[in-house]
Structures are given as structure tokens and as C-alpha cells.
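Note sheet for the following structure.
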Amino acid sequence: MSKLEQIEKSVAELSPEELKAFAAWFEGLQADMWDRQIEADAKTGRLDKFAEQALADHRAGRTRPL
């Protein structure tokens with residue numbers, strides 16, 4: 001049995017309370033991973049073109065207040 005299969009089996013056997021706690025933990029893990037990826041992309045300049053386009057759109061009046 002692969003590691004993933006073991007995890008799937010274990011998760012399927014959790015009680016409703018344990019599953020709720022696991023889901024909250026996993027959601028937090030995914031959010032942390034996403035934040036680290038965005039930070040890394042920002043540091044390497046991968047987001048610069050998006051920021052430049054957003055600023056250009058704003059200057060051109062193609063935005064609206066939130």
C-alpha cells in the first residue's frame with residue numbers, strides 16, 4: 001500500500017470530530033503553502049507583470065472602487 005493510500009484509509013476512518021479537526025488543519029496547511037508560494041513568486045519577480053498591468057489599468061480608469 002502506498003503512502004497516499006495509507007493516508008486516504010486513515011482519513012476515511014476518522015470520526016466526524018476528528019475529520020473536522022483534520023480538515024481545519026489541512027486547510028491551514030494549504031493556506032500556508034499558498035502564502036509561501038506567493039512570497040517566493042513576489043521575490044523572484046514573477047508577479048511584476050500582473051502588478052504593472054493592474055496599475056496601468058487603474059491609471060487608464062479601467063478600475064472601480066471596491
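Along the sequence shown, residues carry numbers from 1.
- Other residues, nucleotides and ligands place no more than 12 heavy atoms under 6.0 Å from the CD atom of Glu27.
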Only pairs under 3.5 Å count here: list side-chain donor-acceptor contacts from residues 40-47, not counting sequence neighbours, and write none if there are none.
from  : atom 1 : to    : atom 2 : distance (Å)
Asp41 : OD1    : Gln37 : NE2    : 2.8
Asp41 : OD1    : Arg46 : NH1    : 3.2
Asp41 : OD2    : Gln37 : NE2    : 3.4
Thr44 : OG1    : Ala40 : O      : 3.2
Thr44 : OG1    : Asp41 : O      : 3.1

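- For residues 11-21, the set of pairs meeting the salt bridge (charged side-chain N to carboxylate O under 4.0 Å, His left out) definition, not counting sequence neighbours, comprises Lys9-Glu13.
- The hydrophobic cluster containing Trp25, built from Ile/Leu/Val/Met/Phe/Trp/Tyr side-chain heavy atoms closer than 4.5 Å, also comprises Ile7, Val11, Leu14, Leu19, Phe22, Phe26, Leu29, Met33.
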Indicate every side-chain donor-acceptor pair of residues 58-66 with a distance under 3.5 Å to a residue at least two apart or in another chain.
from  : atom 1 : to    : atom 2 : distance (Å)
His58 : ND1    : Thr63 : OG1    : 2.8
Arg62 : NE     : Asp57 : OD1    : 3.1
Arg62 : NH2    : Asp57 : OD1    : 2.7

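- Not a single ring pair (Phe, Tyr, Trp, His ring centres under 6.0 Å) links Trp34 to another residue, sequence neighbours left out.
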